[in-house]
Every structure is written in C-alpha cells, then in structure tokens.
**Student:** 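Below you'll find the structure I mean.
Any value given below was found using the heavy atoms of this structure, including those in side chains, with hydrogens, waters and symmetry copies removed.
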Amino acid sequence: MMTKRAAIILAGGKASRFQSEQQKWQDKALIQLSGKPLLIHAVKNVQNLVEETVISVDNATRKAQYSQCTHAARRKPLLCSSRRALRAS
C-alpha cells in the first residue's frame, strides 16, 4: 500500500508583517502576483508533489473566498476551518 503525501497551506493568520500602517488590512493569500492570487501560486507549486492539498483557514468568510479563488485548480484543495474539513466546491 502506497502512503499518500499531503501539503498543508496555512492561510489563516493575521499577516501582520505584510501589512502597512497607511493602508487597510489586506489578505496576503488574495494579493495578486503575475495576475493570480498568492494562494493559487502556493497550491500549484505543491500539487505536483503531493496527492492532496489542504488549506487551513481561520473562519468561514476566508473559507468561502479561498474556495472561489481555488475553483480552477487542477485538483481542488481541501479547505479546513474550525476543525472541520469540507471539500471545496
């Protein structure tokens, strides 16, 4: 039996070092880089290395935003919040 490999992307933090005092709070995972959110870059970078990708978030709002953001991923990542895991739709 082959062992499954998984990647866990932690995306539920405050991103305090990323913030600027002059701007309102920004969700680092949704900031665009080369026309795509940083979260998509992270997901695509690990999907060729693992069988399952899990994104850990801290609330339902982020979970919904990240679900929309990742809908085009080759394999949809699993989104986890509040200790419950639901397949991204």
Side-chain angles (χ1 to χ4, degrees):
M1 183 172 167
M2 189 172 161
T3 302
K4 244 185 167 181
R5 292 175 299 169
I8 300 173
I9 298 171
L10 303 176
K14 296 177 185 175
S16 57
R17 292 183 306 246
F18 184 76
Q19 305 307 315
S20 168
E21 291 181 19
Q22 292 79 26
Q23 296 179 344
K24 69 176 189 165
W25 185 84
Q26 296 178 303
D27 190 334
K28 183 169 52 175
L30 299 178
I31 295 297
Q32 299 282 313
L33 175 68
S34 300
K36 296 178 187 168
L38 288 175
L39 180 62
I40 293 298
H41 290 283
V43 168
K44 287 187 176 192
N45 281 329
V46 299
Q47 280 196 331
N48 292 329
L49 304 172
V50 298
E51 288 76 37
E52 182 143 34
T53 305
V54 176
I55 301 171
S56 176
V57 300
D58 64 343
N59 62 52
T61 301
R62 274 188 169 171
K63 187 174 179 180
Q65 289 173 326
Y66 296 176
S67 180
Q68 290 175 355
C69 173
T70 60
H71 77 278
R74 186 170 46 90
R75 283 180 279 132
K76 292 184 182 178
L78 192 65
L79 292 163
C80 299
S81 66
S82 303
R83 300 183 187 187
R84 295 176 64 190
L86 300 173
R87 179 70 54 192
S89 54

**Student:** Can you tell me how far CG of Leu30 sits from CZ of Arg62, rounded to the nearest 0.5 angstrom?
**Tutor:**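 If I round to the nearest 0.5 Å, the distance is 8.0 Å.
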**Student:** Can you sort out the partners of Gln23 under side-chain hydrogen bond (donor to acceptor under 3.5 Å, both in side chains), two or more places apart, ordered by chain and number?
**Tutor:**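 Listed in chain order: nothing, the list is empty.
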**Student:** Taking the side chain from Gln26 and the backbone from Gln19, do they hold a donor-acceptor pair closer than 3.5 Å?
**Tutor:**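 Side chain of Gln26 to backbone of Gln19: no pair is present.
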**Student:** Run the side-chain contact (heavy atoms from CB on, under 4.5 Å) test against Leu39 and tell me which residues pass, sequence neighbours left out.
**Tutor:**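 Leu39 satisfies side-chain contact (heavy atoms from CB on, under 4.5 Å) with Ile9, Ala29, Val43, Ile55, Tyr66, Cys69, Thr70 once adjacent residues are dropped.
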**Student:** Ignoring hydrogens, what is the shortest heavy-atom contact between Val50 and Arg5? Give both atom names and the distance.
**Tutor:**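 Scanning both residues completely, I find the closest heavy atoms to be CB-O, 3.5 Å.
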**Student:** Mind checking what makes side-chain contact (heavy atoms from CB on, under 4.5 Å) contact with Val54, not counting sequence neighbours?
**Tutor:**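 Val54: side-chain contact (heavy atoms from CB on, under 4.5 Å) contacts with Ile8, Glu52, Leu78, Cys80.
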**Student:** Among all residues two or more places apart in sequence or in another chain, which pass the side-chain contact (heavy atoms from CB on, under 4.5 Å) test with Leu49?
**Tutor:**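 Residues passing side-chain contact (heavy atoms from CB on, under 4.5 Å) with Leu49: none at all.
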**Student:** When rounded to the nearest 0.5 angstrom, what is the spacing between OG1 in Thr53 and NZ in Lys44?
**Tutor:**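 Rounded to the nearest 0.5 Å, the OG1-NZ separation comes to 12.5 Å.
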